[in-house]
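Heads up: the structure comes next, in structure tokens.
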2 protein chains.
Amino acid sequence: MDGTPESARPPAGRTRIQERNRAAILEAGLAVFSSLGFSGATLDRIAREAKLSKPNLLYYFPSKEAVHLALLENLLDAWLAPLRALDPEGEPVEEVLAYVRRKLDLARDFPRESRLFANEVLRGAPHLSGVLGGDLAQLVAEKSALLDRWMDEGRLARLPSKHLVFSIWALTQHYADFETQVRAVLGEGHDPFAEAGEFLDTLFRRLLAP
Amino acid sequence: MDGTPESARPPAGRTRIQERNRAAILEAGLAVFSSLGFSGATLDRIAREAKLSKPNLLYYFPSKEAVHLALLENLLDAWLAPLRALDPEGEPVEEVLAYVRRKLDLARDFPRESRLFANEVLRGAPHLSGVLGGDLAQLVAEKSALLDRWMDEGRLARLPSKHLVFSIWALTQHYADFETQVRAVLGEGHDPFAEAGEFLDTLFRRLLAP
DNA sequence: CCTCTATTTGACCAATCGGTCAAAGGCACG
DNA sequence: CGTGCCTTTGACCGATTGGTCAAATAGAGG
């Protein structure tokens, strides 16, 4: 039935050494993929960063693509959590502002994840097309309906709700994905994310006030 | 004095055939680099797209990097033109809104250029570091000063002007760079750029009104 | 101690990469 | 028609790539 020889793949991820090595590979893969892109990254480089030999890395993951895929899957949950947390029972404007803040915190604390995602979408999301048109589209549709309801109730300014979501993504991720440019333009003596926090708070407060 | 043998490089770009082939290579390079990234792109692929043999391509450009560099240089002028056009004599709010519109038009009409640029900045802008910290930073500083002046005069809402510029870049380029995601979320029957035009007009009008 | 399985690795491979080179065509112009 | 330059190309090269494999090494359990 199953043609794959048992000896060719590691047993289910249980032992401590397996956990440690898989984690080291994912950490190294994140560092390398996010700074070189999928094609620019090499297995040798990832293995070296993880302090493993290349064949040893391939003992834990069957291919370069598998490492990349595992990273994207891990990423997505954390990435969408802030949007999921949008609470129908909360105060509309404050809910959206809290979402903006959470998303900006993600960009500040996990810029490599942000760049990994950006790289993938830029290439047309060959590893994500299913999720984008599936879970993601559904989640946004759901939350977009909530926003529409709030607008109907006059508790939020009337806006195309999906574009409102886009604007939150664009503005927060920009500070992670284009960090090089942001820092070059601002010059020294700036804390980009702190300033962005205040600015985005102002922006969305003005935009959303009914 | 000049160690480079004259026969090794094409004579100055004059003849019609030179012009045609250099243009074909740049067009092909733009298509390939913007969709595969620098490392993912191959000379064979670019040459095939340009309908040239690989050695023939290398007759016009000395290396893969040279093609990439030429593209980025061509790009920058067009990319910064809308910001340059911000007119100190104009009506502040309308000037900024016109800038937003021009930038969105660029994203709509030249999405490949936008993605090429995004790819480069994402990697830390190894081919652009000079420009980012030089011409770009200077241009933004200049226009940022103009925005500050308008704010001082009470003709524009008080905002951190450089972050205002970032927000314009982020919101317009998002529709080109993340087009895959935008289309997946919106579903069919939408014109992303047309909707974005209206939305961004509203957004910045509310944000900027004194 | 032995044995069985999990882990690690050096050596290796075919494919592809960016780039070179010498020679062959094409073309303008005297 | 012949000469000289511009253009094009097939063949080739060393380096690097993702990935394989058989054999060596650890470790756990008896």
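Just so you know, these numbers come straight off a predicted model, no measurement behind them.
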Dump the intermediate steps for ring-ring contact (aromatic ring centres under 6.0 Å, His included) on A/H163 and B/Y175, then the final yes or no.
CA-CA 10 Å; A/H163 288 268; B/Y175 287 91; 5.7 Å; yes
Check the distance between [N]'s [atom2] and [X]'s [atom1] and give it to me in whole angstrom.
X: A/R20; N: C/dT7; atom1: CZ; atom2: P; answer: 10 Å
X: A/I17; N: C/dT5; atom1: CD1; atom2: P; answer: 18 Å
X: A/I25; N: D/dG18; atom1: CD1; atom2: P; answer: 14 Å
X: A/F61; N: D/dG18; atom1: CZ; atom2: P; answer: 16 Å
X: B/R16; N: D/dC6; atom1: CZ; atom2: P; answer: 15 Å
X: A/L57; N: C/dT7; atom1: CG; atom2: C1'; answer: 14 Å
X: A/L52; N: C/dT9; atom1: CG; atom2: P; answer: 7 Å

Side-chain N or O of [X] versus OP1/OP2 of [N]: is the shortest distance under 4.0 Å?
X: B/N21; N: D/dC6; value: no
X: A/Y59; N: C/dT9; value: no
X: B/N56; N: D/dT9; value: yes
X: A/Q18; N: C/dT7; value: yes

In B/S/- notation (B base, S sugar-phosphate only, - none; protein heavy atoms under 4.0 Å), nucleotides 23-30 of chain D written 5' to 3' is --------
In 5'-to-3' order, the base (B), backbone-only (S) or no-contact (-) status of each nucleotide in nucleotides 13-22 of chain C, using a 4.0 angstrom heavy-atom cut-off, is ----SBBBB-
Should we say atom CZ of B/F110 is surrounded by more than 12 heavy atoms from elsewhere, each under 6.0 Å from it?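 No.
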Margin query: Within this structure, what is the CD1-CG distance for the pair B/I168 and B/L200, rounded to the nearest 0.5 Å?
Written below: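 Those atoms lie 9.5 Å apart.
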- Task: List the steps and the verdict of salt bridge (Lys or Arg N to Asp or Glu O under 4.0 Å) for B/D44 and B/K54.
- Result: CA-CA 6 Å; B/D44 281 291; B/K54 183 169 62 170; 3.5 Å; yes
**Asked** Are B/I46 and B/F33 close enough, and set up right, to give a side chain to side chain contact (heavy atoms under 4.5 Å, CB included), and what steps lead you there?
**Response** CA-CA 9 Å; B/I46 298 173; B/F33 280 128; 3.9 Å; yes
| query | Can A/E27 and A/R112 be counted as an ion pair, charged N to O under 4.0 angstrom? | reply |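 Result for this pair is yes, salt bridge flagged.
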*Looking at A/L159 and A/L207, what are the two nearest heavy atoms and their distance?*
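The answer is CD1-CG, 3.6 Å.
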Face-on cation placement of A/K64 at A/F38 ring, 6.0 Å and 45° thresholds =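 Yes - A/K64 lies over the ring of A/F38, closer than 6.0 Å to its centre and within 45° of its axis.
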**Prompt:** Hey, are B/S39 and A/S39 close enough side-chain-wise for a donor-acceptor pair under 3.5 Å?
**Reply:**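 Result is no, nothing qualifies.
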